[in-house]
Amino acid sequence: MKPFTIACPTGHLAFTPLEKESFLAGCRLSPYAIVAYAGSCDIGPRPLRADRHVSLEVHQRHDLEIMLLEARRLGVPMIVGSASDTGTDRGVDQFVGLLRAIAAEHRLAPFRPAAIYSEQKIEDLLDRLARGARIEGLDGRPDADASTLRRTSRVVAVMNAEPIRRAPREGAEVVIAGRASDCALFAAPLLQAGFSPAIAYYTGKLMECASFACEPYMGKETILGTVEGESVRVRAMHPAQRCTPASLASHAVYERTDPLREHVAGGWIDMSACCYERVDEKSTRASGAVFHPTPTIKVELEGAGRIGERRLVIVGVRDPQTIARIDDAIAWARGKVVERFGPEGEGYRLFYHRYGRDAVMKELDPDPPAASHELGIVVEAVHDDARIAEEIAALAARNLFYARLSGTKGTVGAAALMSDEILIREPGYEWTLNHVIEVEDVMELVRIRQLVIDGRAGEGR
Amino acid sequence: MPSLRELASTIRSKNAGVDHLTFDIIFHDRTAFERVRDSGALDPERICALFKIPRERLTHHCVFEPAQAIEFTIRRLRPSGSPGETDVFGAQRYAPLFDVEVP
């Protein structure tokens, strides 16, 4: 089998624009595929629930344009997954639309993209549940029942390499996939070329974040991975970056619950016996991954739902006596909310984020300072009804101003209100599904559309 | 006694999925790595004591020799990005590790 080289220009395409120089340098070495993921659950539940992208469209177009032009020039597949931050159907369609606009602008000769959708209808999942399917909780979550699904507004299934490798077999030259395991995007062309699942998925795991696998730290720079047999050689394309055994091995464990295992639908890679050896100044070779197929195929489901409307108020405190007794002041203000709305719980949520003390780390902060110079408090109120969320925020924040603390010297306001405003935020959203569902075949949860884009259509009549 | 900040080359935290925070402590220097690994300073019990969490919230802990790294994972109390959460990416939870003393 011939060595197979993949270029990866960016991790999370378009979150900020990719760097063109190192990508073009990589393309001069004639890769056989250009691959990048464009979204994940990392950005929180809001984009999925609201079905909106967080990457700017101008950046999405920038990245897709640079990749598409090179892919078409080289005549190699371009594979982009988890389209438009979330991998919803909207995201796939948006990316296909961008490809059309880019093709028209550059008058590209006809090419065949495949759009792969993996968004799931809540009703379909309720049906599966009613027919006895188990929607199994991950990471310590209980299994999902009908009420979990009803709290969920939008769900995507995380595909493995199978649908992605199938698309080119059917003639597609560009693949825009919905939500997919990052590593599956890289595994697909490798599996298609005949490489083992072990090296295919492992290569994806190493390459998915592009230049994060190299040193010194740089984002958005291209790397190349050349797979040969059961090993992959990863090369930095930026002139000042190197891929070293240390940088590559430490990237292998990045963002993993269990750093030695990578799960995909239908199996997992064991990376515990991997070894990393320097090849030259710019590159390192990795090998030793083992793929364990699972007896059943379990596909991950990501789902998000709305909790309620959300209002914020920002409050500052400078009086050292108040800072020292901020818990008493907050208890007083909370008490005023409880008087009106009863205890916090299902009906409403109320949070005091104490910046300058423990707002960032919360309960994991072992040693918050007793007294800071200033304290910034963000009051966050959530209720199903926007007017009530507003009233809770008003009571919870303004009563810090009126807090009755005995013995304080300042007596006309225990807090500085940054403004009289109650800030309107987007609703509070939550990850409702982090689960897996068993299927006979991954294809049950995806739909593939074969398209043709002709950048010269409508010309020369 | 040196601190972890002096011995490690990377100390970081990040989301691992939506329900977990994962921590990587990586060493460029082999001697420093072995010293920390063998000292017990980052044993599961010590980590739980440092972050003041019950043992069951520490869901994974391992030493990864190829990267000269010590890794552990803590379960979040609520999923990333929920109301009440202030660190969507889980990227700022590692600071308490800086001052861990290594015998």
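Letters go in sequence order (proteins before strands), and every chain restarts at 1. Heavy-atom basis, side chains included; hydrogens, waters and symmetry copies ignored. Remember, predicted model here, so these are calculated numbers, not experimental data.
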Taking it one step at a time, do A:Ser55 and A:Asp85 satisfy side-chain hydrogen bond (donor to acceptor under 3.5 Å, both in side chains)?
CA-CA 7 Å; A:Ser55 299; A:Asp85 303 307; 2.7 Å; yes
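- At a 4.5 Å heavy-atom cutoff, B:His61 makes no contact with chain A through either its backbone or its side chain.
- Both the backbone and the side chain of B:Asn15 come within less than 4.5 Å of a heavy atom of chain A.
- Listed by first then second residue, pairs satisfying ring-ring contact (aromatic ring centres under 6.0 Å, His included) with a partner in residues 72-103 of chain B read B:Phe23-B:Phe72, B:Tyr94-B:Phe98, not counting sequence neighbours.
- Using a 4.5 Å cut-off between heavy atoms, A:Glu277 makes no contact with chain B at all.
- When heavy atoms are compared at a cutoff of 4.5 Å, B:Thr22 approaches chain A solely by way of its side chain, counted from C-beta outward.
- Options B:Cys62, B:Ala67, B:Ser9 differ in how many heavy-atom pairs under 4.5 Å they form with chain A, and the most are formed by B:Ala67.
- The contact between B:Phe51 and chain A is made by backbone and side chain atoms together, counting heavy-atom distances below 4.5 Å.
- Note on B:Glu85 versus B:Arg93: salt bridge recorded, some NZ/NE/NH1/NH2 to OD/OE distance being below 4.0 Å.
- Contacts of B:Gln92 with chain A are made by both backbone and side-chain atoms, with heavy-atom separations under 4.5 Å.
- Interface remark: B:Arg75 contributes side-chain atoms only to the contact with chain A (heavy atom separation under 4.5 Å).
- Interface remark: A:Cys274 contributes backbone atoms only to the contact with chain B (heavy atom separation under 4.5 Å).
- Each of A:Leu260, A:Asp367, A:Leu248 has some count of heavy-atom pairs under 4.5 Å with chain B, and the biggest count is that of A:Leu260.
- When heavy atoms are compared at a cutoff of 4.5 Å, A:Tyr276 approaches chain B solely by way of its side chain, counted from C-beta outward.
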B:His60 vs B:Glu71, test: side-chain hydrogen bond (donor to acceptor under 3.5 Å, both in side chains). Steps then yes/no.
CA-CA 8 Å; B:His60 287 86; B:Glu71 314 263 335; over 6 Å; no
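- Both the backbone and the side chain of A:Leu364 come within less than 4.5 Å of a heavy atom in chain B.
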I'd like to know whether A:Lys205 forms a side-chain hydrogen bond (donor to acceptor under 3.5 Å, both in side chains) with A:His251, so could you lay out the CA-CA distance, the side-chain angles of the two residues, the decisive distance to 0.1 Å, and finally the verdict.
CA-CA 9 Å; A:Lys205 174 65 200 123; A:His251 185 71; 4.7 Å; no
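- Counting heavy-atom pairs closer than 4.5 Å to chain A, the top residue among B:Pro66, B:Ser13, B:Gly84 is B:Gly84.
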Let me see the working for A:Thr432 and A:Arg151 under side-chain hydrogen bond (donor to acceptor under 3.5 Å, both in side chains), right down to the final yes or no.
CA-CA 7 Å; A:Thr432 49; A:Arg151 286 193 289 117; 5.8 Å; no
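- When all heavy atoms are compared, the tightest approach of B:Cys48 to B:Leu58 is SG-CB, 3.9 Å.
- Near-neighbour residues of residues 31-38 of chain B relative to chain A, defined by a heavy atom under 4.5 Å from a heavy atom of that chain, are none.
- Of the atoms belonging to A:Asn434, it is side-chain heavy atoms, and not backbone ones, that fall under 4.5 Å from chain B.
- In this structure, the portions of A:Glu363 lying under 4.5 Å from any heavy atom of chain B include both its backbone and its side chain.
- With a 4.5 angstrom heavy-atom cutoff, A:Tyr352 does not touch chain B via any of its atoms.
- In this model, a donor atom of one side chain and an acceptor atom of the other lie less than 3.5 Å apart for A:Arg179 and A:Ser82.
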Working note: A:Ile388 + A:Phe341, criterion side chain to side chain contact (heavy atoms under 4.5 Å, CB included); need CA distance, chi angles, decisive distance, verdict.
CA-CA 9 Å; A:Ile388 298 177; A:Phe341 294 102; 3.5 Å; yes
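- Neither the backbone nor the side chain of A:Leu350 has a heavy atom closer than 4.5 Å to any heavy atom of chain B.
- Heavy-atom distances place the side chain of A:Val382, and not its backbone, under 4.5 Å from chain B.
- Heavy atoms of A:Arg310 lying under 4.5 Å from chain B belong exclusively to its side chain.
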